Amino acid sequence: VYIETYGCQMNVADSEVVLTILNQAGYSPVEDYKKADVILINTCSIRDNAEQRVFNRLNVFKSYKRKHKPTMLIGIIGCMAERLKDELLEREKLVDIVVGPDAYRDLPNLVAKAGSGQKAINVLLSREETYADISPVRIGDNKISAFVSIMRGCDKMCAYCVVPFTRGRERSRAPESILSEVQDLIDGGYKEVTLLGQNVDSYKWTVQGSDTIVNFAQLLEQVAVLDPTLRIRFSTSYPTDMTNEVLHVMAAHRNICKAIHLPVQAGSTRMLNQMRRQYTRESYMERIQAIRQILPECAISTDIITGFAGETDDDHAQTISMMEWVGYEFAYMFKYSERDNTFAQRQLPDDVPDEIKTARLEEVIAVQQKVAELSNQKDIGKTFEVLVEGISKRSHEHLYGRTSQNKVLVFPKQLGIEAGTYVDVIVTSCTTATLLGKMV
């Protein structure tokens, strides 16, 4: 089996679950699709551009199958499978298998079904499936950091978002299964885990036979105390759900990284209301102030959409002012892409011309580069503990790693220092995206 993964960290974690399920059924992974019996593309539906890339890739695979390997099976899994199930099976017969995010356990059966010439599709959503009992096969050579999914789905129903339709409703994994998976990673020599969920702050588990509820702050602390040398990250947080309790747990444990991804999407209350986000400009700013007060060294990253339905010049200006006020260390920035079946697609006209969306996006990117560089300049002269990840892509004489704040720091090699090592590095200079320094 050959698998390609597009989209978010959740998809990477899902690909590892898929490989584990197929491995147990006798399939082994290959790194060259031409050597595969089964090709799977794990897909993202969050933007139209992501879907077009997948369709282009499908055409490459179909061409190779037709010319060289007619018995090869091609499958789409993940969010596109759920969203475009009928089109994927019928459009030029591009795929043999279509599997949604909650049906991965059925993959061995579906592959066998497709191999016998039958239509193989399962896109049923589940209210229970969390794959909690599966210990994933980790993808890639990086034995330093790993993703651990703590919950699936989302209940927020933001106007622009397909996730509730492609991944279903929120459901959390039992804390015991999460802690067991993290302990396995510790035992395997991993140095960092990222706890994943569409909205980790809404994690909730009711202990069977009692009224005891484990919330995200408590889960985070339970993971932190497993091993004080294990770095812990998490993503993604929702502004109204991130509590001060979470921030105090982060402050109390040195190994919980001081970085929070807190999507704002837009800077004006009017647009946030239009997007069906459950906070205002002012309440979002209050959350930022709480982070700054409890975790002064914390880095904050975000998501920003330009050109959403009805966005005015003033709305856009408020987004720019929010970026400058917060000083985000990093941002994912996109122009609005209408998605089928969402509230916005059904109820809100996509009325901002593409050239205006693009111009606003370019301004957002320029502002983000400026505020990120200012943040990096403030780090010059400071010393950070860095988890070494490997050799720098630009120079084999340099290593790179990340600070607790998730910033990349590049520094000269020293004998005996290798990937997975913690080192103290003083920052001597910076670029827009990278810190440069030397070991202390």
Side-chain angles (χ1 to χ4, degrees), residues 8-10 12-14 16-17 126-136 138 145-156 163 167-188 190-263 287 290-291 294-295 298-301 404 406:
C8 65
Q9 296 170 332
M10 289 290 291
V12 176
D14 277 4
E16 294 176 341
V17 167
S126 166
R127 285 182 177 270
E128 288 83 35
E129 182 61 85
T130 62
Y131 303 106
D133 59 319
I134 293 174
S135 183
R138 302 296 166 178
S145 57
F147 299 128
V148 175
S149 179
I150 67 168
M151 59 186 299
R152 300 179 73 82
C154 185
D155 289 348
K156 289 302 179 190
V163 166
R167 287 188 169 270
R169 304 301 298 268
E170 281 179 1
R171 62 269 190 208
S172 300
R173 274 178 70 181
E176 298 79 26
S177 72
I178 296 166
L179 295 171
S180 175
E181 185 175 337
V182 173
Q183 187 61 56
D184 286 346
L185 290 166
I186 294 167
D187 295 342
Y190 282 80
K191 302 294 186 183
E192 179 180 273
V193 297
T194 301
L195 306 179
L196 294 180
Q198 244 73 42
N199 174 16
V200 291
D201 297 299
S202 64
Y203 175 89
K204 185 191 297 183
W205 182 264
T206 303
V207 178
Q208 200 167 12
S210 77
D211 296 328
T212 305
I213 293 175
V214 178
N215 63 22
F216 179 61
Q218 292 162 335
L219 175 71
L220 189 60
E221 187 150 47
Q222 289 175 22
V223 175
V225 298
L226 285 176
D227 183 347
T229 68
L230 178 75
R231 272 191 174 181
I232 298 141
R233 300 187 185 277
F234 58 86
S235 185
T236 294
S237 294
Y238 191 85
T240 54
D241 293 342
M242 168 161 264
T243 63
N244 285 359
E245 184 185 3
V246 169
L247 301 179
H248 285 300
V249 168
M250 292 177 70
H253 295 276
R254 187 171 176 272
N255 59 328
I256 302 177
C257 291
K258 305 307 182 273
I260 295 172
H261 188 66
L262 198 68
R287 282 292 80 206
I291 294 169
I294 299 167
L295 298 165
C298 190
I300 303 170
S301 55
S404 175
N406 209 26

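These numbers come from the heavy atoms of this one structure, side chains and all, not from hydrogens, waters or symmetry mates. No experiment lies behind these values; they were computed from the predicted model shown.
In this structure, CD1 on I213 lies 10.5 Å from OG on S172, to the nearest 0.5 angstrom. Expressed to the nearest 0.5 Å, how far NZ of K258 lies from CD1 of I256 amounts to 6.5 Å. Atom CE in M250 sits 6.0 Å away from atom CE in M242 (nearest 0.5 Å). Note that the CG atom of L185 and the CG atom of D227 stand 11.5 Å from one another [nearest 0.5 Å]. The distance from atom CH2 of W205 to atom CD of E176, rounded to the nearest 0.5 Å, is 7.5 Å. In this structure, CZ in F234 is found 11.5 Å from CG in L196, a value given to the nearest 0.5 Å.
Contact annotation: the side chain of I260 never approaches that of V246 to less than 4.5 Å [non-hydrogen atoms, C-beta and beyond]. Between V225 and H253 there is a side-chain heavy-atom pair separated by less than 4.5 Å. Between V200 and H261, every side-chain heavy-atom pair lies at or beyond the 4.5 Å cut-off. At least one side-chain heavy atom of I150 sits under 4.5 Å from a side-chain heavy atom of F216. In this structure, F147 and S235 have side chains that are not in contact, with every pair of non-hydrogen atoms separated by 4.5 Å or more. For the pair R287/N244, a side-chain contact is recorded, criterion being any heavy-atom separation below 4.5 Å from C-beta on. For the pair S202 and M151, the minimum side-chain heavy-atom distance is below 4.5 Å.
Considering all non-hydrogen atoms of both residues, R231 and C257 come closest at CD-SG, 3.8 Å. Between S237 and P263 the shortest heavy-atom distance is O-CD, 3.1 Å. The shortest non-hydrogen separation linking Y190 to L230 is O-CD1, 3.7 Å. What you find for C298 and A259 is that their closest heavy atoms are SG-N, 3.7 Å. Taking all atoms of both residues into account, the shortest heavy-atom contact from I294 to A251 is O-CB, 4.1 Å.
Ion pairing of R152 with D14 is present here, as a side-chain N (NZ or NE/NH1/NH2) and a carboxylate O approach within less than 4.0 Å.
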Could you go through the side-chain contact (heavy atoms from CB on, under 4.5 Å) check for L262 and I291 one step at a time? CA-CA 11 Å; L262 198 68; I291 294 169; 4.1 Å; yes
Output, in order, the C-alpha distance, side-chain angles, deciding distance and verdict of side-chain contact (heavy atoms from CB on, under 4.5 Å) for V163 and M10. CA-CA 11 Å; V163 166; M10 289 290 291; over 6 Å; no
Using the rule given for side-chain contact (heavy atoms from CB on, under 4.5 Å), can you reason through T206 versus T212, listing the C-alpha separation, both sets of side-chain angles and the distance that settles it, and then say yes or no? CA-CA 6 Å; T206 303; T212 305; over 6 Å; no
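Remark: side-chain polar atoms of R173 are paired, donor with acceptor, to backbone N or O of S149 under 3.5 angstrom. In this structure a side-chain-to-backbone donor-acceptor pair under 3.5 Å is present from D155 to E170. With N406 contributing its side chain and A299 its backbone, the two residues share no donor-acceptor pair below 3.5 Å. Panel note: side chain D201, backbone Y238; a donor-acceptor pair is recorded below 3.5 Å. A distance-only check finds no donor-acceptor pair linking the side chain of S145 to the backbone of E192 [under 3.5 Å]. The backbone N or O of Q218 lies less than 3.5 Å from a partner atom in the side chain of N215, making a donor-acceptor pair.
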